[in-house]
Amino acid sequence: MAGILAWFWNERFWLPHNVTWADLKNTEEATFPQAEDLYLAFPLAFCIFMVRLIFERFIAKPCAIALNIPANGPQIAQPNAILEKVFTAITKHPDEKRLEGLSKQLDWDVRSIKRWFRQRRNQEKPSILTRFCESMWRFSFYLYVFIYGVRFLKQTPWLWNTRHCWYNYPYQPLTADLHYYYMLELSFYWSLMFSQFTDIKRKDFGVMFLHHLLAIFLISFSYVNNMARAGTLVICLHDSADALLEAAKMANYAKFQKMCDLMFVMFAVVFITSRLGIFPLWVLNTTLFESWEIVGPYPSWWVFNLLLLLLQGMNCFWSYLIVKMACKAVSKGKVSKDDRSDIESSSEDEDSEPPEKKPHTSTTTNGTSGTNGYLLTGPCSMED
């Protein structure tokens, strides 16, 4: 184990040439990032998760009730042993051939069977109130941490001149504000890693899991080799659009359509501008080129920049989804539900009409509801 640890913490990988771990030990004059500080993130992540539970129950839920957001979930499907067996043992999305067979077996029309399967799928989804509470928690945290990051960075020289990220590197003291900022962000992403398996499932679950893992690795990595100054620029820039997205979702759940549209447009503009414009031209420029000029490359420098480029690849992926939604809004006046969501709309053909027996004198219809749950009016339709 000692040999493995010695190999892992090899100074020639982590630090520039002629710099050792002994040079970065804490003294009375200066404090530097220490790897053992990262252990603080685990109890802090648990505390953040507990704060979230309290916040959602005693703050977000009363707000949702005040906005008349329904607490009940989607409409429950009518009990049917045959359809339930097909749903649980065979398929949740029957094809046309199976639908026709079930129609003859139950003497139901195909449209009623399709509605039953939609309602059965939807009844396992969380209620709008649950979604609102989750979005309100994320909105509150993102807003707080972004405001804190902006206030902190306004007082730093590297916000105004990114070359200060590398002057006197790695002998850059760790301030209390920077340490708090880093630990707060790292703890939050650890809490997301734990709660992602119980939160609302989305289409991009795998991508978001990779994103959280990458964020944890980036924050931890940049903390250990004291690239924290550049790290704060990355963190603050990527927090800039998240609160707007959660605000748009809350407005959507509360049926404030115009506000939802406005928030989504603002989110799209800020997201694309910050992640496809400012991030590569400002942050990647300093981590790739200015650092090369002032410090020079070394092994962990390459890894850090590779992770940032991977993060930029994810930014391009999500920007593509946002642009696709915007194009649908322009071309059709309607857009699909949020492409980051795997929640079918609770209004998806959920009328109160019970499955009717098909008339023996008419042919089986294969019509669909006028509201299919995937098309919603306006440019904001985030049903997650």
Side-chain angles (χ1 to χ4, degrees), residues 24 26 29-35 37-41 43-45 47-48 51-52 55 137-192 211-212 214-247 267 270-271 273-275 277-287 290-291 294-295 304 307-308 311 315:
L24 299 177
N26 292 335
E29 292 77 18
T31 300
F32 298 100
Q34 305 296 314
D37 295 345
L38 299 177
Y39 291 123
L40 292 172
L44 288 175
C47 292
I48 288 177
V51 169
R52 171 185 173 174
F55 178 90
W137 159 249
R138 296 190 182 215
F139 167 79
S140 302
F141 182 87
Y142 288 137
L143 183 62
Y144 165 74
V145 77
F146 176 67
I147 292 175
Y148 179 87
V150 171
R151 292 184 61 186
F152 163 68
L153 285 172
K154 281 198 308 182
Q155 305 171 20
T156 63
W158 61 87
L159 175 66
W160 313 106
N161 182 0
T162 53
R163 298 178 72 86
H164 281 278
C165 291
W166 314 109
Y167 289 152
N168 198 36
Y169 175 83
Y171 306 106
Q172 298 169 341
L174 178 68
T175 65
D177 290 340
L178 194 154
H179 182 258
Y180 171 77
Y181 191 28
Y182 248 67
M183 290 299 106
L184 182 64
E185 288 280 357
L186 181 60
S187 303
F188 178 69
Y189 278 109
W190 271 121
S191 72
L192 288 182
H211 172 269
H212 297 336
L214 178 60
I216 290 170
F217 195 65
L218 259 173
I219 294 173
S220 303
F221 194 89
S222 60
Y223 186 83
V224 170
N225 67 358
N226 205 12
M227 288 186 177
R229 291 187 176 184
T232 56
L233 300 179
V234 177
I235 291 171
C236 189
L237 193 63
H238 281 75
D239 285 340
S240 59
D242 292 333
L244 293 171
L245 176 62
E246 300 303 332
F267 159 75
V270 173
F271 187 97
T273 301
S274 62
R275 304 199 184 191
I278 300 175
F279 181 65
L281 296 178
W282 186 48
V283 176
L284 290 181
N285 175 68
T286 190
T287 61
E290 292 179 349
S291 64
I294 298 172
V295 180
F304 180 66
L307 293 173
L308 290 179
L311 180 62
N315 291 338

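Side-chain atoms are counted along with the backbone in the values below, which use heavy atoms only and exclude waters and symmetry mates.
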Could you give me the CA-CA distance, side-chain angles and deciding distance for L214 and Y189, then say whether side chain to side chain contact (heavy atoms under 4.5 Å, CB included) is met?
-> CA-CA 10 Å; L214 178 60; Y189 278 109; over 6 Å; no
Looking only at heavy atoms, what is the nearest atom pair of N285 and L281, with distance?
-> CB-O, 3.2 Å
Flag side-chain contact, heavy atom, 4.5 Å: R229 against T156 | no
Within the distance-only criterion (no hydrogens, no angle test), does the side chain of Q172 pair as donor or acceptor with the backbone N or O of M227 below 3.5 angstrom?
-> no
Verdict with reasoning, L311 to H211, per side chain to side chain contact (heavy atoms under 4.5 Å, CB included) | CA-CA 8 Å; L311 180 62; H211 172 269; 4.1 Å; yes
Could I get the full list of side-chain hydrogen bond (donor to acceptor under 3.5 Å, both in side chains) partners for W166, not counting sequence neighbours?
-> T286
Once you round to the nearest 0.5 Å, how far does CG of L237 lie from CD1 of I235?
-> 11.0 Å
Rounded to the nearest 0.5 Å, the CD atom of Q34 sits from the CG atom of L24 at a distance of 7.5 Å
State which residues pass side chain to side chain contact (heavy atoms under 4.5 Å, CB included) with A243; sequence neighbours excluded, sorted by chain then number.
-> F139, Y142, L143
Which residues satisfy the ring-ring contact (aromatic ring centres under 6.0 Å, His included) test with Y167, sequence neighbours excluded?
-> H164
For side chain to side chain contact (heavy atoms under 4.5 Å, CB included), just list the numbers for V234 and T287, CA-CA rounded to whole Å, side-chain angles, deciding distance to a tenth of an Å, and then say yes or no.
-> CA-CA 10 Å; V234 177; T287 61; 5.6 Å; no
Atom of W190, atom of A41 and distance for their closest heavy-atom approach | CD1-CB, 3.8 Å
First locate atom SG of C236, then atom CD of E185, and finally report the distance between them rounded to the nearest 0.5 Å.
-> 8.5 Å
Show me the donor-acceptor pairs within less than 3.5 Å that the side chains of residues 147-154 make with the rest of the protein, sequence neighbours left out.
unit_1	atom_1	unit_2	atom_2	d
Y148	OH	D177	O	3.3

Any donor-acceptor pair under 3.5 Å linking the side chain of N226 with the backbone of F32?
-> no
side-chain hydrogen bond (donor to acceptor under 3.5 Å, both in side chains) against Y171, all qualifying residues, sequence neighbours excluded | none
L233 and F279: side chain to side chain contact (heavy atoms under 4.5 Å, CB included), yes or no, with the steps?
-> CA-CA 9 Å; L233 300 179; F279 181 65; over 6 Å; no
Of all the heavy-atom pairs spanning F267 and A241, show the shortest one and how long it is.
-> CD1-O, 3.2 Å
L40 to M183 - nearest heavy-atom pair and separation | CB-SD, 4.3 Å
Can you name the nearest heavy-atom pair linking Y39 to P43, along with the distance?
-> O-CD, 3.2 Å
side-chain hydrogen bond (donor to acceptor under 3.5 Å, both in side chains) partners for N315, two or more places apart = H238, R275, Q312
In this structure, CG of L38 is separated from OH of Y182 (nearest 0.5 Å) by 10.5 Å
Can you find a heavy atom in the side chain of T162 that is under 4.5 Å from one in the side chain of W282?
-> yes
Heavy-atom closest pair (S222 atom, F304 atom, distance to 0.1 Å) is CB-CE1, 3.6 Å
